Structure formats: C-alpha cells, structure tokens
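The structure presented is a predicted model; accordingly, all values stated were derived computationally and were not measured.
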Amino acid sequence: QVQLVESGGGLVQAGGSLRLSCAASGRTFSPYVMGWFRQAPGKEREFVAASSWSGRIIAYLDSVKGRFTISRDNAKNTVYLQMNSLKPEDTAVYYCAARASNYPTKTEREYDYWGQGTRVTVSS
C-alpha cells in the first residue's frame, strides 16, 4: 500500500503563489507517475498536472499552463506543484495521485493511489 500526504495549501490573494508538496510512503514502486487533481466547490474533480518518473513527460491542464509547474524529487518520493499567478478560479481542494506506470494520464480512474487533499483558497 502507498500513502500520499499533501501539504502546502492555504489562503492566498489573487496573483500570489503557493507550493504544494506530496510525499509518498509505504510500499512505493518505480517507475510511477505522480499527478495533481483538484476539485472546486460544486464541481467534479479535474486533472491539473502529471509527471513521469523521469520528469521528461509532463502534462498540464490548459488553464494552468505557464502558471503552474510540476516537479519531483524521486530520492524523497515527493512531487511538488508550484502555483504562481493564482486566480480565484484556482480555489479547490488539490489531490495528489500516483499511478503504477511511466506514462502520465489525465484520466482520474487510471490512478491507483490518492492523498486526502489540501485546500487552496484564492481571494480576489
């Protein structure tokens, strides 16, 4: 079993930045994709970003391209999401997810493990 624990959420003003972290522990495996999803109030959960094990294959939601950056430190089993130029519409609970594969996917059901989520609130 793999446990994922997110941190770094909080309240920030529009235009500000936050960095989310997700640490994996337990029976970790390699290679694996790590990704971020988010769920805004009253909406379905959506894909945000994902990275292959090497970091050479990365995918982003169109609306966050140029503002968000996903990165990972495999030695620490940790993935990061640097979020800049935050907008009120980025307000959501952000979830970390892991997939036993080397190919990122935007499809929620293809991820094997999930964290509990960390809340991000962007005020206008």
Which value, rounded to the nearest 0.5 Å, describes the distance between [X] atom [atom1] and [Y] atom [atom2]?
X      : Y      : atom1 : atom2 : answer
Gln13  : Ser124 : CD    : OG    : 9.5 Å
Glu108 : Glu46  : CD    : CD    : 10.5 Å
Ser54  : Asn102 : OG    : CG    : 6.0 Å

Atom pairs and distances, donor-acceptor, side-chain atoms in residues 14-23, under 3.5 Å, two or more places apart:
unit_1: Ser17; atom_1: OG; unit_2: Asn84; atom_2: OD1; d: 2.9

Notebook entry, point to check: Which residue pairs pass the salt bridge (charged side-chain N to carboxylate O under 4.0 Å, His left out) test with at least one member in residues 80-97, sequence neighbours excluded?
Noted result: Arg38-Asp90, Arg67-Asp90

Note to self: How about CD on Gln116, more than 12 heavy atoms from neighbouring residues, nucleotides or ligands closer than 6.0 Å, or not?
What the structure shows: no

Hey, does the side chain of [X] reach the backbone of [Y] with a donor-acceptor pair shorter than 3.5 angstrom?
X      : Y     : answer
Glu6   : Cys96 : yes
Arg72  : Ser51 : yes
Thr121 : Thr91 : no
Arg99  : Val33 : no

State, to 0.1 Å, how close [X] and [Y] come at their nearest heavy-atom pair, and which atoms those are.
X     : Y      : answer
Thr78 : Lys76  : OG1-O, 2.9 Å
Gln1  : Gln3   : CG-NE2, 3.5 Å
Ser52 : Pro104 : N-CG, 3.6 Å
Ala24 : Leu4   : CB-CD2, 3.5 Å

Check: Does the side chain of Trp114 come within less than 4.5 Å of Arg45's, by heavy atoms?
Finding: yes

Note to self: With side chain to side chain contact (heavy atoms under 4.5 Å, CB included) as the criterion, how do Phe47 and Thr105 come out once you've worked through the C-alpha distance, each side chain's angles and the decisive distance to 0.1 Å?
What the structure shows: CA-CA 9 Å; Phe47 169 82; Thr105 175; over 6 Å; no

Next item on the list: Verify the ring-centre separation between Phe37 and Tyr111: is it less than 6.0 angstrom?
Entry: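 Distance test on ring centres: under 6.0 Å, yes.
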
Next item on the list: Would you please indicate yes or no on a ring centroid separation below 6.0 angstrom for Trp53 and Tyr32?
Entry: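 Yes; Trp53 has its ring centre under 6.0 Å from that of Tyr32.
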
Name each donor-acceptor pair under 3.5 Å that joins a side chain in residues 56-63 to protein atoms two or more places apart or in another chain, with its distance.
unit_1: Tyr60; atom_1: OH; unit_2: Ile70; atom_2: N; d: 2.9
unit_1: Asp62; atom_1: OD1; unit_2: Lys65; atom_2: NZ; d: 3.1

Notebook entry, point to check: Same hydrophobic cluster for Tyr80 and Trp36, using side-chain heavy-atom links shorter than 4.5 Å among ILVMFWY?
Noted result: no

